[in-house]
Protein chains: 2
Amino acid sequence: MAHSHDDHHHERPRDLTRNQDLVLQTLNHAEGPLSAYDILDKLREDGLRAPLQVYRALDKLVEQGLAHRLESLSAFVCCADAGCHDGARTAAFAICSGCGRVDEFADPEVVERLAAWAQEKGFGLERTTIELRGRCARCLGSSTP
Amino acid sequence: MAHSHDDHHHERPRDLTRNQDLVLQTLNHAEGPLSAYDILDKLREDGLRAPLQVYRALDKLVEQGLAHRLESLSAFVCCADAGCHDGARTAAFAICSGCGRVDEFADPEVVERLAAWAQEKGFGLERTTIELRGRCARCLGSSTP
DNA sequence: CGGTGAAATGTTATGACATAACGCTATCGA
DNA sequence: TCGATAGCGTTATGTCATAACATTTCACCG
Ligand SMILES: [Zn+2]
Ligand SMILES: [Zn+2]
Ligand SMILES: [Zn+2]
Ligand SMILES: [Zn+2]
């Protein structure tokens, strides 16, 4: 059981519920991104039955920066950078078309440039999506270059 | 019939077919991004009946840089920057959650930083998605700031 | 002219992703 | 204890995208 003993959970939003914890663990153990339905399939034996149960958990996880949605894939990964866990950090993702693996990184300079553009245009920036598609070094090295 | 008189269409790949032209004009006249099904609805009276007709046209338009897919919206806009029309250019998009309008721009420095990251990691970069979400100056100015 | 191959088209069916709407339950502070 | 808030479970539905197959169009060439 998650979050049961040892903490008084007095209004700690960082405390995960059962479903949230199940979904996060599933993402954690996955090699690459999973769709909500992939996650659902892996959690049927734990009692989950409907997509909404997964989507609701994902919403919270993404909100807290513990997971990310990859827009260009309509799929989710667990966060690989503690810096995101406050929720605000802007991350970038390199997604390999070959093996499906995702590399999360942060480039402050890129973020700063985009923020500057927004500033200049009076655009109230709330969220930024940066996704690179291509083939990772491993995939380039091994097959049909 | 589109593209019939006045041009000899001798193997110009930049030459749009009837469906491609219809879809592009629809995007052109729209205020903001349209989903493929939005486009389909607007083109029923022109004889289009199935989503695939629209998706196929969109594929070609995106390929040629005449339109862009906004991943975070699952929708499409016509390109606002002739620099894209060779297909290779990396554009960024600021999408307003208030009015839905989209502002396309290019930041060479951002592109260069991302390319440098890819270079360093041996990642074979093929395509880059950059999307900013927030509220445009107009929407911030007018309501509940 | 008539054949040929590539690309585009039209159509039906299906798959994949996501949310609306409802009612119930657990928890916590006043 | 009561009311508020957040989470949960379920059904139904909505939205986005592609598979598969038959047909049409048209530049090209013998
Ligand atoms: Zn992260
Ligand atoms: Zn790879
Ligand atoms: Zn463009
Ligand atoms: Zn706006």
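Both backbone and side-chain heavy atoms feed into the values below; hydrogens, waters and symmetry mates do not. The model shown is predicted, which means the values in this text are computed figures rather than measured ones. Chain naming here is simple, since letters A, B, ... match the order of the sequence lines and numbering starts at 1 in each.
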Open item on the list: Return whichever of B:Asp38 or A:Ala57 has its heavy-atom-nearest nucleotide of DNA chain D closer to the 5' end.
Closed with: A:Ala57
- [ ] Let me know, please, whether B:Asp59 or A:Lys60 comes out on the 5' side of the other along DNA chain D by nearest nucleotide.
- [x] A:Lys60
To the nearest Å, how far apart are [X] [atom1] and [N] [atom2]?
X: A:Leu16; N: D:dA6; atom1: CG; atom2: P; result: 16 Å
X: B:Ile39; N: D:dT15; atom1: CD1; atom2: P; result: 16 Å
X: A:Asp21; N: D:dC8; atom1: CG; atom2: P; result: 11 Å
X: B:Arg18; N: D:dC26; atom1: CZ; atom2: P; result: 12 Å
X: B:Leu22; N: C:dA8; atom1: CG; atom2: C1'; result: 14 Å
X: A:Leu73; N: D:dA17; atom1: CG; atom2: C1'; result: 14 Å
X: A:Tyr55; N: C:dC17; atom1: OH; atom2: P; result: 7 Å
X: A:Glu63; N: D:dA6; atom1: CD; atom2: P; result: 10 Å

Open item on the list: Please give me the minimum heavy-atom distance between A:Leu58 and A:Ala36, naming the atom from each residue.
Closed with: CD1-CB, 4.1 Å
TODO: Measure from the side-chain heavy atoms of A:Phe76 and tell me the nearest of C:dA18, D:dC8, D:dA17.
DONE: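 The answer is C:dA18.
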Task: Side chain of B:Arg69 (C-beta onward), nearest among C:dA18, D:dA17, C:dT9 - done: D:dA17
Open item on the list: Under 4.0 Å from OP1 or OP2 of D:dC16: is there any side-chain N or O of B:Ser35 that close?
Closed with: yes
Task: A:Thr17 vs D:dG7: side-chain N/O to OP1/OP2 distance below 4.0 Å - done: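 A:Thr17 to D:dG7 OP1/OP2: no side-chain N or O under 4.0 Å.
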Open item on the list: Nearest 0.5 Å, please: how far is CZ in B:Phe105 from CG in B:Asp81?
Closed with: 11.5 Å
Open item on the list: Strictly by side chain to side chain donor-acceptor pair (under 3.5 Å), give each pair with a member in residues 121-132 of chain B just once, sequence neighbours left out.
Closed with: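 As it turns out, the side chain to side chain donor-acceptor pair (under 3.5 Å) pairs with a partner in residues 121-132 of chain B, which skip direct neighbours, are B:Ser72-B:Glu131.
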Open item on the list: Parallel, tilted or perpendicular: which one describes the rings of A:Tyr37 and A:Tyr55, with boundaries at 30° and 60°?
Closed with: perpendicular
Task: Donor + acceptor pair across side chains of B:His68, B:Glu104 (<3.5 Å) - done: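 Checked: B:His68/B:Glu104 side chains pair up, N/O donor to acceptor below 3.5 Å.
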Open item on the list: Under the side-chain contact (heavy atoms from CB on, under 4.5 Å) test against A:Pro33, which residue among A:Leu27, A:Leu73, A:Asp38 passes?
Closed with: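 With A:Pro33 as partner, A:Leu27, A:Leu73, A:Asp38 yield a single side-chain contact (heavy atoms from CB on, under 4.5 Å), made by A:Leu73.
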TODO: Please figure out whether B:Tyr37 or B:Asn19 has its closest DNA chain C nucleotide nearer the 5' end.
DONE: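 The residue closer to the strand's 5' end, by nearest nucleotide, is B:Asn19.
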Task: Side-chain touch B:Ile95/B:Asp103, heavy atoms, less than 4.5 angstrom - done: no
Detail all sub-3.5 Å separations between protein N/O atoms and N/O atoms belonging to nucleotides 10-12 of chain D.
none

